[in-house]
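Encoded as structure tokens, the structure appears first; notes follow it.
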Amino acid sequence: MVAFHRIFVIDFAGLGLGEAPDANRFQSVGTDTLGHVAVSWSGKLNLPTLQRLGLGNIRVDHPLLGINPVATPLGFYGRLHMAAEDNQSATGLREMWDYNGRTRTQSVLATLSEAGYPVTIAAPFTSYLQTQDAAEKLQLGSNKEAFRVLNELLYRPASGMSLIVLPDFQFAGEHGDTTEFGEVLQHTDEALGQIIHDMGVNDLLIVTASEAVDPTVAVTPTREYLPVIAYSASRPSTHALGIRRTLADVGATVLENFGLAAYAAGHSFLNEFTQ
């Protein structure tokens with residue numbers, strides 16, 4: 001029996017939370033995407049939905065200017081550390097959704113489809129996502145399009161998983177524009193608030209990022225910790241998920257939810273929702 005009938009994974013591709021322990025290997029010492037954007041906005045970055053979900057609670061040891069922790073977050077919250085030895089734009093997506101099968105590298109997305117669970121991918125299509133033949137694929141060019149698609153998916157009765165990759169964060173980061181990055185965050189936060197309002201009680205939302213792109217440096221992507229926040233209206237008691245050692249924990253959580261945990265590469269945090 002599945003814990004959640006539907007899982008929606010929203011990839012804030014580009015949103016980093018500060019340099020990773022191996023940042024020196026990737027010219028990323030001192031990088032801090034969200035921290036630098038918040039400072040450039042003089043602490044006036046307004047993200048009420050993400051703040052309520054626990055974004056400010058993720059790194060209380062190094063507070064984000066203007067994004068304070070809340071006493072009772074709505075979501076489970078933590079950080080992801082990329083395990084891969086390289087740091088290309090598609091590296092995080094592959095780590096999040098791929099695993100080593102018996103004879104070759106397999107995809108979590110394909111495994112779900114083969115098990116009979118519908119998979120929808122809405123994203124700007126990289127070569128990696130193009131190969132996910134069993135999934136329904138929808139090409140996106142903006143965050144606005146992404147949330148339009150997500151709103152439509154919310155009103156489909158089918159179970160399964162949807163992966164929504166937001167393109168505007170990467171664009172803003174690569175343009176070196178902290179003002180644009182902050183504006184994208186605020187628009188996204190507003191749209192996310194509506195999504196949470198419209199979600200069903202048996203839905204799970206996972207907000208994460210497959211890469212970081214700090215707009216204040218020339219390196220792309222940057223090697224940073226990445227956010228993970230999980231929310232369901234059926235789980236009112238929440239807590240920290242800690243620092244996860246690999247992005248594959250997201251894929252592992254999805255697989256365990258649908259009874260396919262044997263295929264996972266990472267460590268599922270699904271049990272955190274029942275503690």
**Study point:** side chain to side chain donor-acceptor pair (under 3.5 Å) evaluation trace for S28 with E19
**Key:** CA-CA 7 Å; S28 297; E19 66 172 64; over 6 Å; no
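- Side-chain N/O atoms of T178 and S40 include a donor and acceptor closer than 3.5 Å.
- Atom CG in L112 sits 8.0 Å away from atom OG in S107 (nearest 0.5 Å).
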Practice item. Could you give me the CA-CA distance, side-chain angles and deciding distance for F181 and T33, then say whether side chain to side chain contact (heavy atoms under 4.5 Å, CB included) is met? Key: CA-CA 9 Å; F181 204 112; T33 302; 3.5 Å; yes
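- Between the side chain of Q51 and the backbone N or O of N68, at least one donor-acceptor pair lies under 3.5 Å.
- A distance of 9.0 Å separates CG of N46 from CH2 of W41, quoted to the nearest 0.5 Å.
- Closest non-hydrogen pair, V213 versus E174, comes out as CG1-N, 3.7 Å.
- With hydrophobic clusters built from ILVMFWY side chains whose heavy atoms lie under 4.5 angstrom apart, I229 does not share a cluster with V9.
- Under a hydrophobic clustering in which Ile, Leu, Val, Met, Phe, Trp and Tyr are joined whenever their side-chain heavy atoms come within less than 4.5 Å, directly or via other members, V29 and L34 fall into different clusters.
- Between L204 and F4 the shortest heavy-atom distance is CB-CG, 3.6 Å.
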Exercise for review: Could you please spell out the steps behind the side chain to side chain contact (heavy atoms under 4.5 Å, CB included) verdict for I195 and F8?
Suggested key: CA-CA 10 Å; I195 294 299; F8 299 95; over 6 Å; no
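- Residues S89 and E211 have side chains in contact (heavy-atom distance under 4.5 Å, counting atoms from C-beta outward).
- Remark: side-chain polar atoms of R244 are paired, donor with acceptor, to backbone N or O of H267 under 3.5 angstrom.
- Between L166 and L15, every side-chain heavy-atom pair lies at or beyond the 4.5 Å cut-off.
- Heavy atoms only, all atoms of each residue included: A212 and G16 are closest at CB-CA, 3.5 Å.
- At least one side-chain heavy atom of W97 sits less than 4.5 Å from a side-chain heavy atom of L163.
- R245 and A83 get closest at one heavy-atom pair: O-CB, 3.7 Å.
- Here the CZ atom belonging to F258 is positioned 10.0 Å from the NE2 atom belonging to H5, to the nearest 0.5 angstrom.
- E224 places a side-chain N or O within donor-acceptor distance of the main-chain N or O of G18, the cut-off being under 3.5 Å.
- Note: D168 CG to L185 CG = 10.5 Å, rounded to the nearest 0.5 Å.
- Here the straight-line distance linking atom CD1 of I121 with atom CG of D11 works out to 11.5 Å at 0.5 Å rounding.
- Here the side chain of R52 pairs no donor or acceptor atom with the backbone of V70 at under 3.5 angstrom.
- Using a cut-off of 4.0 Å between Lys/Arg side-chain N and Asp/Glu carboxylate O, R59 and D32 are scored as salt-bridged.
- A donor and an acceptor atom, one from each side chain of D214 and H36, are located under 3.5 Å apart.
- Hydrophobic clustering (side-chain heavy atoms under 4.5 Å, transitive across Ile, Leu, Val, Met, Phe, Trp, Tyr) keeps I7 apart from Y155.
- For the pair N257/M161, no side-chain contact is recorded, criterion being any heavy-atom separation below 4.5 Å from C-beta on.
- Summarising the local packing, CD of E190 is surrounded by 12 or fewer heavy atoms from other residues, nucleotides or ligands at distances under 6.0 Å.
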Exercise for review: List the steps, then state whether side chain to side chain contact (heavy atoms under 4.5 Å, CB included) holds for I164 with L153.
Suggested key: CA-CA 10 Å; I164 315 294; L153 293 173; 3.8 Å; yes
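- Put simply, the side chain of R223 gets close to the backbone of D86: a donor and an acceptor are under 3.5 Å apart.
- Contact of the H81 side chain with the D22 side chain is registered, since non-hydrogen atoms from C-beta on lie closer than 4.5 Å.
- Nearest heavy atom pair, residue L270 against residue S268, reads N-OG, 2.9 Å.
- More than 12 heavy atoms of other shown residues, nucleotides or ligands fall within 6.0 angstrom of atom CZ in R156.
- Ring geometry, F76 versus H239: the interplanar angle exceeds 60°, so the pair is classed perpendicular (tilted spans 30 to 60°).
- Not one N or O on the side chain of N100 forms a donor-acceptor pair closer than 3.5 Å with the backbone of A265.
- Distance alone, capped at 3.5 Å, is enough to place a donor-acceptor pair between the D189 side chain and the L50 backbone.
- Between the side chain of S232 and the backbone N or O of S234 there is at least one donor-acceptor pair closer than 3.5 Å.
- The closest side-chain donor-acceptor pair between T105 and D98, if any, does not fall under 3.5 angstrom.
- With a 4.5 Å cut-off on side-chain heavy atoms, F269 and V228 count as touching.
- Here the NE2-OG1 distance, from H197 to T49, works out to 12.0 Å after rounding to the nearest 0.5 Å.
- For the pair L53 and P73, the minimum side-chain heavy-atom distance is 4.5 Å or more.
- In the hydrophobic cluster analysis, where Ile, Leu, Val, Met, Phe, Trp and Tyr join through side-chain heavy atoms closer than 4.5 angstrom, I206 is grouped together with M82.
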**Study point:** Derivation of the side chain to side chain contact (heavy atoms under 4.5 Å, CB included) call for E85 and R25
**Key:** CA-CA 9 Å; E85 293 297 317; R25 295 179 52 217; 3.1 Å; yes
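- Closest of all the heavy-atom pairs between L140 and V165 is CD1-O, 3.8 Å.
- Side-chain contact annotation: E95 with T246, donor-acceptor N/O pair under 3.5 Å present.
- Contact of the T238 side chain with the L74 side chain is not registered, since no non-hydrogen atoms from C-beta on lie closer than 4.5 Å.
- Within the 3.5 Å criterion, the main-chain N or O of L93 finds no donor-acceptor partner in the side chain of S210.
- Side-chain heavy atoms closer than 4.5 Å link hydrophobic residues (I, L, V, M, F, W, Y) into clusters, and following such links, possibly through other members, connects V149 to I196.
- Using modelled atom types, no side-chain atom of K137 and backbone atom of L129 make a donor-acceptor pair closer than 3.5 Å.
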